[in-house]
Amino acid sequence: MAILTPTPRHLERAVAALRAGNCIGMPTETVYGLAADARRPAAVANIFALKGRPADHPLIVHLAEPLQVRDWATRIPRAAWALAEAFWPGPLTLILPRRDGVLDAVTGGQDTVGLRVPAHPVAQAVLRAFGDGLAAPSANRFGRISPTTAAHVVAEFGRRLPIVLDGGEAPVGIESTIVAVGRRGARVLRPGIIGAAAIARVAGALDADRRSPTPRVSGSLKGHYAPRTPVELVPGGELAARAATLRDRGMPFAVLARSELHGAHGLAIGRSARDYAHRLYAALRELDAGDHGRILVEAPPRGPAWAAINDRLARAAAGSGDDDAS
Ligand code: TXA
Ligand code: MG
């Protein structure tokens with residue numbers, strides 16, 4: 001296992017591994033990805049084997065630049081180009097009608113494909129040198145917390161993944177906003193740091209029709225992004241009382257709080273949504289590793305800036321403490 005600094009020689013080594021059909025760990029601005037050649041069935045099969053992910057869950061194809069979308073998607077609506085222009089390179093994934101020849105293993109057998117142009121300089125360097133699409137789910141085992149550092153990726157896969165490029169802490173910290181663009185308009189399938197209002201400003205009114213076909217999004221499973229330790233979401237005003245109750249009962253716990261730890265063991269995490277997102281997964285991993293019995297999370301505000309964070313926390317709470325969160 002090697003964590004490689006992204007020198008020109010190491011980048012060459014990573015790209016050679018990709019050309020040989022192997023997976024690498026690759027930083028993006030959202031979270032680290034487990035990347036492999038999206039055109040090659042055996043390479044894509046390696047991703048599923050490493051992650052332990054069910055075969056019908058589609059993968060996002062990462063591209064160096066927006067025009068490459070034409071190699072993967074067809075009948076691209078104007079709103080999709082507008083979103084690409086506004087937010088790429090960046091933390092946005094577009095779900096578009098797929099072109100013939102895109103692997104079923106990548107699309108999960110659906111007639112759409114997920115595409116993203118990441119902004120992270122290391123991802124950009126790899127994609128440019130590679131020259132075509134790289135399928136890359138978050139580099140965690142299925143159902144687990146997404147990695148935001150190279151060390152997290154090593155913790156997930158150990159020696160089974162020989163190359164992880166080190167791009168430092170992923171700046172955004174949570175996964176990309178996923179938007180499906182269809183005839184009835186754009187729909188946000190997974191909230192992210194680019195909010196629904198920003199999407200609507202560019203793409204026009206969002207499609208809120210419940211009858212619109214819903215593609216499979218594994219991030220939409222209830223118990224995703226889950227620590228092994230049970231996670232309990234506690235409204236801010238009730239944190240001190242809940243901590244006192246657990247202490248009285250002799251039940252061990254740690255706290256993930258936005259400001260005050262109320263004398264409990266734990267971590268204080270950012271007051272702004274951006275800072276919170278940046279640190280969330282690393283904080284959950286750290287508390288999960290500490291064998292605390294339970295993690296009390298002070299619930300953040302409900303406003304739109306916090307939508308993606310509340311989404312991930314709800315899933316973490318729903319799937320936690322269960323070793324086969326799926
Ligand atoms: O920020 C991100 O998106 C990260 C980095 C590595 O790019 N990737 C990521 O990939 O989060 P993954 O595989 O962990 O989550 C991708 C999500 C899944 O929930 C999958 O179901 C959805 O994208 N997806 C991919 N292709 C799709 C499609 N054709 N239709 C609907 N959902 C799709
Ligand atoms: Mg994932």
Side-chain angles (χ1 to χ4, degrees), residues 23-36 38 44 47-48 50-63 72-73 80 87-99 102-120 122-124 126-127 133-148 152-153 156 164-165 167 170-182 187-194 212-226 277 281 308 311-312 315-316 319 325-326:
C23 294
I24 66 160
M26 175 177 85
T28 84
E29 71 276 28
T30 56
V31 299
Y32 276 66
L34 185 63
V44 174
I47 294 179
F48 283 91
L50 269 169
K51 272 192 73 107
R53 186 180 209 176
D56 62 349
H57 283 226
L59 302 174
I60 297 171
V61 176
H62 295 65
L63 305 169
W72 297 85
F87 299 114
W88 279 351
L92 172 74
T93 295
L94 292 175
I95 307 295
L96 295 169
R98 72 148 147 185
R99 273 190 96 97
V102 179
L103 294 177
D104 276 338
V106 167
T107 66
Q110 303 180 93
D111 52 12
T112 55
V113 61
L115 299 168
R116 173 160 116 77
V117 176
H120 196 290
V122 175
Q124 275 288 328
V126 171
L127 285 163
L134 292 175
S138 53
N140 52 278
R141 281 167 305 124
F142 183 64
R144 292 292 162 204
I145 303 170
S146 294
T148 56
H152 293 164
V153 180
E156 291 289 317
V164 181
L165 288 171
V172 173
I174 58 172
E175 305 81 356
S176 60
T177 306
I178 300 183
V179 176
V181 193
R187 298 173 68 200
V188 176
L189 302 182
R190 180 175 70 185
I193 209 83
I194 301 172
S212 296
T214 317
R216 280 191 304 274
V217 184
S218 77
S220 68
L221 295 173
K222 225 170 117 227
H224 227 67
Y225 316 110
Y281 289 156
D311 169 76
R312 303 306 193 278
R315 291 179 208 292
S326 54

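Side-chain atoms are counted along with the backbone in the values below, which use heavy atoms only and exclude waters and symmetry mates. When a ligand or atom number is given, it counts from 1 through the structure's own listing order. Quantities reported herein were computed from a predicted structural model and do not represent experimental measurements.
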*Looking at the Mg ion (ligand 2), is one of the N, O or S atoms of Ser138 less than 2.8 Å from it?*
yes

*asked:* Looking at Glu29 and Arg116, is any side-chain nitrogen of the basic one under 4.0 Å from a carboxylate oxygen of the acidic one?
replied: yes

_Check this for me, if you would: do Arg99 and Asp111 make a salt bridge, where the nitrogen-to-carboxylate-oxygen distance has to be below 4.0 angstrom?_
no

*asked:* So, 4.0 Å and heavy atoms of Arg53: is ligand 1 close enough to count as a contact?
replied: yes

I'd like to know if the side chain of [X] pairs up with that of [Y] as donor and acceptor (distance under 3.5 Å, no hydrogens or angles considered).
| X | Y | value |
| --- | --- | --- |
| Tyr32 | Glu156 | no |
| Glu175 | Ser138 | no |
| Thr93 | Ser176 | yes |

*Compute the centroid of each ring, for Phe142 and then for His57, and state whether the two points are separated by less than 6.0 Å.*
yes

*Part of Arg116 with heavy atoms under 4.0 Å of ligand 1, whether side chain, backbone, both or neither*: side chain

_Just to be sure I read this right, does ligand 1 sit under 4.0 Å from the backbone of His62, its side chain, both, or neither, counting only heavy atoms?_
side chain

_Which atom of Ile174 lies closest to which atom of Ile193, heavy atoms considered_ = CD1-N, 4.4 Å

Compare [options] and give the one whose heavy atom is closest to [atom].
| atom | options | value |
| --- | --- | --- |
| atom 8 (N) of ligand 1 | Ala136, Ser176, Pro97 | Ala136 |
| atom 20 (C) of ligand 1 | Pro91, Pro147, Pro58 | Pro58 |
| atom 9 (C) of ligand 1 | Ala35, Ala135, Gly108, Ser138 | Ser138 |

Below 4.0 angstrom from a heavy atom of [X], which ligand 1 atoms are there? Numbered from 1 as shown, please.
| X | result |
| --- | --- |
| Ile178 | 17 (C), 22 (C), 23 (O) |
| Thr112 | 28 (C), 29 (N), 30 (N) |
| Val113 | 29 (N) |
| Thr30 | 1 (O), 2 (C), 4 (C), 5 (C) |
| Arg190 | 2 (C), 3 (O), 9 (C), 11 (O), 15 (O), 16 (C), 17 (C) |
| Leu59 | 25 (C), 26 (N) |

_Has His120 got a side-chain atom pairing as donor or acceptor with Pro118's backbone, closer than 3.5 angstrom?_
no

*Donor-acceptor pair, Arg98 side chain versus Gln110 backbone, under 3.5 Å?*
yes

